[in-house]
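These notes are about the structure you will find just below.
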Amino acid sequence: MIEVENLTLRFGGLVAVNDLSLVVRPRTIHALIGPNGAGKSTTFNCISRLYRPTSGRIRVLGRDVSGLRPQDLAPLGVARTFQNLELFGGLSVLENVLIGAHVHCGGGLRERLAARPPAVIGHVEHLLERVGLAEFRHAQASALDFGRQKMLELARALAIRPRILLLDEPAAGLRNREIGALDRLLNELVERDGLTVLLVEHVMQLVMAISHRVTVMNFGARIAEGTPAEVRRDPLVVEAYLGQEAAHA
Amino acid sequence: MGMRSVRAALLGGVLAMAGGLTALAQEVGVTPDRVRIGMFAPLSGPSAAYGQDVLNAARMWFDKINREGGIHGRQIEAVVEDDRCNANDLVAAVKKLVEQSNVFALNGGSCSAAVVAASDYVVRNRVPLVMLNASGDGALFPPNDYIYGAFSISQHAAGGSAVEFAARHFNARRIAYVNHDDAYGAWNLNAAKFQAERRGAGLNVQSISPNITDVTAPMVRLRAANPEVLVIMTYARPAALIIRKAMELGYRGPIVVAVNATADLRQMVANGGGPEAFRNVYIQEVLADLPGSARLQWVYDMYRQAYPQLASQEGRPQVYMPYGLPSAMSVTRALEAAGPELTREKFLAALQGLDFDSGVMAGPIRFGPRNRAAQQAAIYIKYDGATMERVPGSFASDWRFE
Amino acid sequence: MDSEVLFLFLQQGIASGIVSGSVYALLALAIVMIFKTSEVPNFAQGEVFMVAAYAALFLIVFYGLPMWVVIPAALLFTVAGMMLFEAGILRRVKKALGEPVNLVIATLGLSFLLRGLVRQTGLGDTPRSFPSLVSTDPVQIGQAMLTRLDLAIVGTAVAVMAAVFLLFNFTRAGRAMRALGMNPKAAALVGIDIRRTHAFVWGLSGLVSAISALLIAPKILMTPEMGHVAILAFAAAIVGGFNSLPGAVLGGFIIGIAENLVGLFVSASAIVVTPFLAIMAVLVLRPQGLLGGRPQMRKV
Amino acid sequence: MPPQQAVAALPARASSNLRLGLLVPAVAAVVALALLPVFTSGYVVYVANVLLVYVVLSLGLNLVIGEAGQFSLSHAAFYGIGIYAAALGNKLLGLPLVGCLLLAGVVAALLGGVIGTIALRMRDIYLALTTFAFGEAMQWLFLNWEPVTGGPNGLRIPPSSLFGVEILNDKQAYPVVLGVALLMLGATVVISRSRLGRAFRAVRESDVAAMAMGIPVRRVKIMAFLLSAFYAGVAGGLFATFSTYIHPESLGFQTTMTVLTMVVVGGLGSTGGALLGAVVFGLISELLRQAPAVQEMTYGLILILFMMFVPRGLAPAVSRWVRGRGHV
């Protein structure tokens with residue numbers, strides 16, 4: 001579904017991503033992990049076309065993305081969330097998700113002019129139920145608590161009806177109970193709805209519980225890849241994380 | 001579907017009403033013992049200095065006439081509005097006076113471009129308008145039946161007269177001419193070109209913005225043309241900058257400053273670089289005599305008596321104050337001449353026939369069948385920063401509306 | 001136009017452009033230092049400039065005070081006024097909602113208020129001249145004619161620019177201001193008093209505006225509308241790069257020279273439109289301005 | 001991470017109950033407005049005409065600044081283009097009123113599209129200043145392009161005609177002005193609720209997220225700019241129906257600022273706010289003509305005090321008040 005070949009991105013003299021290659025298979029949850037500044041989010045932003053890679057190739061759904069603009073991905077069925085939340089804060093919860101469905105309500109003039117476009121409103125309401133925000137539909141997005149804001153962002157991404165979901169630290173800042181719900185939801189999306197998920201994550205609990213495959217990055221490069229169990233045993237990974245923890249201590 | 005028919009019906013109703021009203025609209029603002037005059041001028045904002053005291057002068061004339069028993073037994077009732085010197089506000093003021101205060105005639109306007117904005121409305125509604133001190137060329141040419149003005153001087157006459165003075169008095173063949181790129185400038189340049197051509201003189205023109213802060217560029221260009229006389233048709237601030245720059249650039253020839261800039265002569269000398277810069281300066285004047293002369297003393301006495309409190313303030317009366325008098329005099333004289341059975345038509349006919357000496361302005365106030373501009377000529381005064389010396393004779397523009 | 005005249009025009013245009021440009025540059029500096037730290041384009045800067053000149057004139061006309069008292073008093077008055085506006089009004093506006101539009105409107109409100117106030121004094125009815133400390137005797141440089149006053153203006157302006165440069169680069173207060181401009185949160189973390197620094201920047205900006213006002217007032221004459229000059233300063237700031245202090249200075253000189261050259265070689269009535277054409281040209285060709293840093297990509 | 005907040009379900013949109021409650025007074029207001037010329041003087045109708053022009057201007061400016069969050073300061077320029085286009089369409093081409101209005105809107109919108117395409121490479125303050133510069137340059141053009149605009153002499157506008165009837169005074173023009181203003185108001189409500197309106201707000205709130213939702217951000221911004229220019233152009237066309245003269249002096253930054261003030265005082269980002277701001281501020285300005293001496297200071301103080309104490313404008317305050325009454 002996503003193929004990254006020899007991706008390199010330099011900011012001035014700084015190499016943020018170094019010759020990274022990566023393949024995400026259909027209907028899997030693929031996690032991208034690594035210490036802070038390892039280049040995970042940068043990779044992510046290359047895939048969603050916010051950054052232009054210095055070299056290398058990225059194919060999404062079999063298509064080379066190099067000619068695409070950021071807004072061309074949603075119509076292809078690629079949705080994403082953001083590390084630090086990028087909600088439409090001043091708008092209502094419902095409107096946030098409706099905007100997520102933007103590409104699906106461009107049909108006729110009636111559809112375009114409707115405040116509640118018939119083609120998508122059912123799906124949007126369903127999504128709000130699914131992430132548990134139905135009762136807050138008229139609340140202002142920025143007034144929600146942090147966990148609900150994260151769920152709202154996920155619902156908004158799902159309104160695109162994506163085939164690929166790119167999640168940038170979905171569990172960061174969530175409490176255990178909320179992580180459990182997220183865990184179930186993601187599994188359901190892959191098993192039942194047939195989505196493919198690429199996620200960048202720090203919360204190991206989530207990564208180890210749900211990922212089918214894990215890629216580990218450090219200093220912009222891939223240092224390991226495999227199943228959660230394999231990766232956990234990899235000495236390079238242990239060193240990278242231990243080293244980081246030692247540095248933190 | 002319904003909306004359209006409602007609108008059509010409404011439109012029809014409004015049209016019918018408008019038609020019905022005109023039948024009743026005779027002798028608006030006139031009762032046996034009163035005639036209501038609508039007055040407007042800039043009373044606030046940056047242009048208030050052009051309007052406040054001019055309007056006060058006109059009012060004190062009306063008050064004097066009222067004290068003497070009015071005209072044909074009628075007292076003049078003045079209704080005043082602020083026009084802020086801009087087109088939209090002036091039109092609002094005029095419409096309020098005409099349609100809400102139901103005035104008989106209008107006596108107002110100090111800002112030419114803004115007055116022009118109201119001219120079509122005034123003509124359409126057949127309301128007589130006697131301007132205050134606006135030159136108002138745009139509303140006076142071509143002449144129409146309802147609007148009279150230029151009691152100080154029209155811009156056409158001001159420009160033509162200044163060039164005439166330069167060409168005749170100094171025998172100049174190369175005249176440098178600085179004006180503004182606004183309505184005033186367009187008008188005075190029009191007549192100035194005509195006059196220069198008639199006298200066989202060359203006119204080197206620089207049109208500058210009224211907001212200009214640095215006049216070096218236009219002045220260097222004029223200097224390069226080596227003019228014999230420099231004519232300044234700008235407002236006070238740019239005029240002072242030009243006089244000063246002329247000195248800096250070593251120009252020593254005669255400078256003629258039009259009436260647009262001469263509001264405050266002492267300030268002009270201070271602003272223009274002191275007496276040194278005024279060795280060869282001539283100012284255009286439209287009053288009957290030198291400012292401050294005995295001949296005009298009665299005007300200032302009258303003001304002091306009418307507005308003792310205002311008169312005690314710094315900077316009062318404002319310089320253009322006397323211009324309000326000939327305008328108000330024209331109104332009262334025309335009311336007088338129109339007879340006791342006052343109608344707008346009679347009033348307008350009387351205005352057209354006016355020809356009198358106001359005792360205030362340089363020339364007579366004279367209209368005619370094809371003339372709506374009261375004053376055509378100006379006198380010139382040599383001014384060295386302290387003393388004034390009148391140049392004999394007056395100088396008139398030959399430009400006429402074709 | 002023969003080559004001799006052309007050469008003369010060129011010299012005069014550049015010389016006169018440097019004189020007016022140095023004043024635009026100062027005022028642009030005042031605008032940019034506020035924008036860099038508070039992200040507010042202060043639309044009242046021109047009126048602050050105007051009020052500074054009128055404050056001085058007021059003291060001269062009504063109290064007959066000597067210049068050595070008047071000048072410091074006017075400077076102090078302007079600085080205090082700006083600090084008061086920042087601390088008393090703008091801070092409140094920021095707290096109330098803090099949208100950039102609201103801040104801009106508040107500065108616009110200030111500009112109306114100040115103009116109205118000056119008109120109340122009665123000094124605004126006629127253009128006034130401000131007494132010059134330096135004579136206006138002509139000085140010839142090459143073929144260009146300037147005055148002693150012109151030279152004094154350029155000299156003082158350059159000195160003030162140098163002082164601002166030193167202040168920003170080599171003092172604690174300057175470092176605090178720069179830090180505030182780069183990242184307010186981080187600045188607070190390293191112990192910079194944000195409120196005091198903001199007030200300081202506004203005060204400094206008031207000081208620089210007041211100096212430029214007293215410098216140029218004898219040359220351009222005073223009216224309550226003299227704040228118009230700020231438009232040229234805004235143009236200078238944009239041309240130079242709105243977040244760059246050296247850019248503001250460069251932009252000031254470019255606008256000053258461009259105005260004069262256009263006036264000399266094109267037409268006097270095109271002078272007023274020159275700064276706007278310069279703005280549009282720069283923004284189309286190099287949006288961040290000549291010395292402006294590239295706008296940073298927001299991290300997501 | 002912020003602590004768990006009890007989310008006060010802040011309704012971001014009025015409930016349908018409330019909407020019904022507003023419908024009745026709204027209809028009453030429209031009827032009263034329609035009957036205005038019957039029971040007032042021409043002066044009042046003129047003031048109403050001017051206010052309605054400001055309403056259309058405010059609606060347009062609110063679209064680009066309030067809804068789409070793009071700080072544009074060239075509204076007066078597009079307004080001027082509308083006036084000149086309508087006047088010249090009438091004078092030179094003999095177009096009927098509807099044709100003039102359309103011409104005014106379309107010419108302004110086309111130029112708006114071109115300028116938007118260039119200017120919208122910039123954001124925030126840079127966009128504001130580019131559009132400001134464009135506005136000033138246009139005013140200069142109006143003043144100096146004599147063959148077309150009459151230059152400093154201004155331009156006389158001949159009476160326009162509707163279904164063969166010449167419109168000669170304010171009362172005759174009023175039904176047209178009111179009708180078009182209501183039409184534009186209706187269009188604004190529809191646009192604001194539509195997919196395009198949502199896209200505007202998405203771009204305003206976060207352009208990065210908007211892109212991720214498949215919204216062509218640049219095109220949407222240009223669209224907002226173009227629509228806003230169209231509104232300004234139509235407002236200019238309306239002005240030309242009841243005015244006889246236009247001078248470049250009244251097409252400067254001051255006019256843009258007046259409209260911006262209306263939008264902000266009313267409440268940025270809300271259609272009702274733009275409406276309210278135009279009416280309230282327009283009335284204040286007309287009433288202040290009675291107190292000339294302190295006008296400028298009053299105007300300045302109003303702006304400052306509003307920004308300090310009513311920063312979101314009148315609309316939210318009023319709707320809170322209406323809702324509060326509904327509960328009693």
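In what follows, chains are A, B, ... by sequence order, proteins preceding strands, each numbered from 1.
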| request: Test side chain to side chain contact (heavy atoms under 4.5 Å, CB included) on C:I231 and D:F132 and set out the steps. | output: CA-CA 10 Å; C:I231 291 180; D:F132 166 73; 4.3 Å; yes
| Interchain contact, C:V104 with chain D, by part (heavy-atom threshold 4.5 Å) | side chain
| task | Below 4.5 Å from any heavy atom of chain D, which atoms of C:F242 appear? Answer side chain, backbone, both or neither. | result | both
| message | How long is the straight-line distance from CD1 of D:I304 back to CG of C:L113, given to the nearest 0.5 Å? | response | 5.0 Å
| said: I need the D:M307 CE to C:L110 CG distance, nearest 0.5 Å. | reply: 14.0 Å
| Tell me, do D:M297 and C:F112 make a side-chain contact under 4.5 Å, heavy atoms counted? | no
| task | Could you tell me whether the side chain of C:F43 reaches within less than 4.5 Å of the side chain of D:M257, counting heavy atoms only? | result | no
| task | Report, as yes or no, whether the 6.0 Å neighbourhood of atom CZ on C:F77 holds more than 12 heavy atoms from other residues, nucleotides or ligands. | result | no
| Per-residue contact mode, D:L260 against chain C (heavy atom under 4.5 angstrom) | both
| Under 3.5 Å donor-acceptor, C:N102 side chain and D:P311 backbone | yes
List the atom pairs, with distances to 0.1 Å, where a side-chain N or O of residues 250-279 of chain C and a protein N or O form a donor-acceptor pair under 3.5 Å, not counting sequence neighbours.
residue	atom	partner	partner atom	Å
C:E259	OE1	C:Y24	OH	2.8
C:N260	ND2	B:D214	OD2	3.4
C:N260	ND2	C:G256	O	3.2
C:S267	OG	C:S269	N	3.1
C:S267	OG	C:S269	OG	3.1
C:S267	OG	C:A270	N	3.4
C:T274	OG1	C:A270	O	2.9
C:T274	OG1	C:I271	O	3.0

| field | Heavy-atom pair count under 4.5 Å with chain D, highest-scoring of C:V93, C:I105, C:L90 | value | C:I105
